[in-house]
Amino acid sequence: QVQLVESGGGLVQPGVSLRLSCAASGNIFVISDMAWYRQAPGKKRELVARITLGGSTNYLDSVKGRFTISRDNAKKTVHLQMNSLQAEDTAVYYCNARITTVPGISTIDYWGQGTQVTVSS
């Protein structure tokens with residue numbers, strides 16, 4: 001069974017930084033894409049940042065230059081460094097990973113439980 005466990009959320013003031021982490025565990029053959037999504041109250045879940053197995057990244061326009069996604073393939077972790085946080089970044093942040101458990105048979109998108117990030121003065 002595969003699990004994604006997030007950590008690092010919290011309540012912060014505008015302008016400060018926060019780092020989210022997500023660790024995958026379980027019967028994992030390979031993790032391809034890893035990503036962070038977020039969902040603000042009353043809004044749809046949106047992709048914040050994605051990183052491929054090879055390290056290619058893409059970002060939501062509103063976070064470019066402020067957020068950085070990274071991963072450690074050996075540790076099966078993905079991180080989101082968030083700088084210059086703004087009130088508009090307030091949301092529940094979800095870790096997502098495309099994981100193959102059985103080669104050629106099972107590749108599924110897994111989700112973490114979500115971690116709240118609140119940016120407020």
Side-chain angles (χ1 to χ4, degrees):
Q1 192 166 359
V2 174
Q3 280 190 318
L4 299 180
V5 178
E6 298 136 340
S7 61
L11 170 63
V12 297
Q13 293 186 334
V16 303
S17 299
L18 206 57
R19 179 177 167 91
L20 304 182
S21 296
C22 173
S25 63
N27 180 29
I28 297 171
F29 178 73
V30 68
I31 304 175
S32 49
D33 290 1
M34 302 186 83
W36 289 94
Y37 286 74
R38 69 186 182 188
Q39 187 166 19
K43 295 188 177 182
K44 293 182 179 180
R45 189 173 297 189
E46 62 181 356
L47 174 66
V48 176
R50 174 181 283 123
I51 184 167
T52 67
L53 180 60
S56 297
T57 59
N58 64 282
Y59 295 91
L60 180 69
D61 282 347
S62 63
V63 308
K64 285 180 181 177
R66 299 189 298 122
F67 290 11
T68 302
I69 190 170
S70 61
R71 64 188 287 172
D72 184 325
N73 293 327
K75 294 181 178 179
K76 300 183 179 65
T77 56
V78 62
H79 308 281
L80 186 67
Q81 178 66 41
M82 305 185 292
N83 298 330
S84 301
L85 281 162
Q86 304 166 358
E88 295 72 29
D89 298 316
T90 294
V92 178
Y93 284 71
Y94 296 91
C95 174
N96 167 267
R98 179 156 293 182
I99 296 175
T100 298
T101 54
V102 181
I105 296 178
S106 179
T107 297
I108 299 173
D109 277 345
Y110 289 87
W111 293 87
Q113 79 282 2
T115 184
Q116 177 70 46
V117 173
T118 302
V119 184
S120 175
S121 55

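Just so it is clear, the values below take in all heavy atoms, side chains as well, and ignore hydrogens, waters and symmetry mates.
No more than 12 heavy-atom neighbours from other residues, nucleotides or ligands sit within 6.0 angstrom of CD on Gln3. Heavy atoms of other residues, nucleotides or ligands lying less than 6.0 angstrom from CZ of Arg66 number more than 12.
To the nearest 0.5 Å, the span separating OG on Ser62 from CG on Asp89 amounts to 7.0 Å. Distance check: Leu60 CG to Trp36 CH2 gives 15.5 Å after rounding to the nearest 0.5 Å. Expressed to the nearest 0.5 Å, how far CD of Gln81 lies from OG of Ser17 amounts to 5.5 Å.
Taking the side chain as every heavy atom from C-beta outward, Phe29 and Ile99 never approach each other to under 4.5 Å. By the 4.5 Å heavy-atom criterion applied to side chains, Tyr110 and Thr101 are counted as neighbours. Residues Val117 and Leu20 form a side-chain contact, since some pair of their non-hydrogen atoms from C-beta on lies under 4.5 Å apart. Residues Ile69 and Arg50 have side chains not in contact (no heavy-atom distance under 4.5 Å, counting atoms from C-beta outward). Leu4 has its side chain out of reach of Gln113: every pair of non-hydrogen atoms, C-beta onward, lies at least 4.5 Å apart. Annotation: side chain of Met34 is not in contact with side chain of Thr77 (no heavy-atom distance under 4.5 Å). A heavy-atom distance below 4.5 Å is found between the side chains of Ser120 and Leu11. Trp111 has its side chain within reach of Arg45: a pair of non-hydrogen atoms, C-beta onward, lies under 4.5 Å apart.
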| query | Please walk me through it: do Leu47 and Asn58 pass side chain to side chain contact (heavy atoms under 4.5 Å, CB included)? | reply | CA-CA 9 Å; Leu47 174 66; Asn58 64 282; 3.8 Å; yes
| field | Check against side chain to side chain contact (heavy atoms under 4.5 Å, CB included), Gln86 and Val119 | value | CA-CA 6 Å; Gln86 304 166 358; Val119 184; 5.5 Å; no
| request: Start with the C-alpha gap between Val12 and Met82, add the side-chain angles, then the distance that decides, and say whether side chain to side chain contact (heavy atoms under 4.5 Å, CB included) holds. | output: CA-CA 11 Å; Val12 297; Met82 305 185 292; over 6 Å; no
| task | Could you walk me through whether Asn73 and Leu53 pass side chain to side chain contact (heavy atoms under 4.5 Å, CB included), step by step? | result | CA-CA 8 Å; Asn73 293 327; Leu53 180 60; 3.9 Å; yes
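Among all heavy-atom pairs drawn from Ala40 and Ala91, the shortest one is N-CB, 3.8 Å. The minimum heavy-atom distance linking Ile31 with Ile28 is given by the pair CG1-CG2, 3.7 Å. Closest approach of Tyr94 and Gly112 over heavy atoms only: CD2-O, 3.7 Å. Contact record, Gly10 with Leu18: N-CD2, 4.0 Å, taken as the closest heavy-atom pair. Nearest heavy atom pair, residue Cys95 against residue Val78, reads SG-CG1, 3.8 Å. Listed here is the closest heavy atom pair of Lys75 and Asp72: N-OD1, 3.1 Å.
Side chain of Ser121 to backbone of Gln13: no donor-acceptor contact under 3.5 angstrom is found. Side-chain atoms of Glu6 come within 3.5 Å of backbone atoms of Gly114 as a donor-acceptor pair (strictly under, hydrogens ignored). Arg71 places a side-chain N or O within donor-acceptor distance of the main-chain N or O of Thr52, the cut-off being under 3.5 Å.
If you chain together hydrophobic residues whose side chains sit under 4.5 Å apart, Leu80 and Val92 never meet in one group.
Between Tyr93 and Phe67, the two ring planes are tilted [angle within 30° to 60°].
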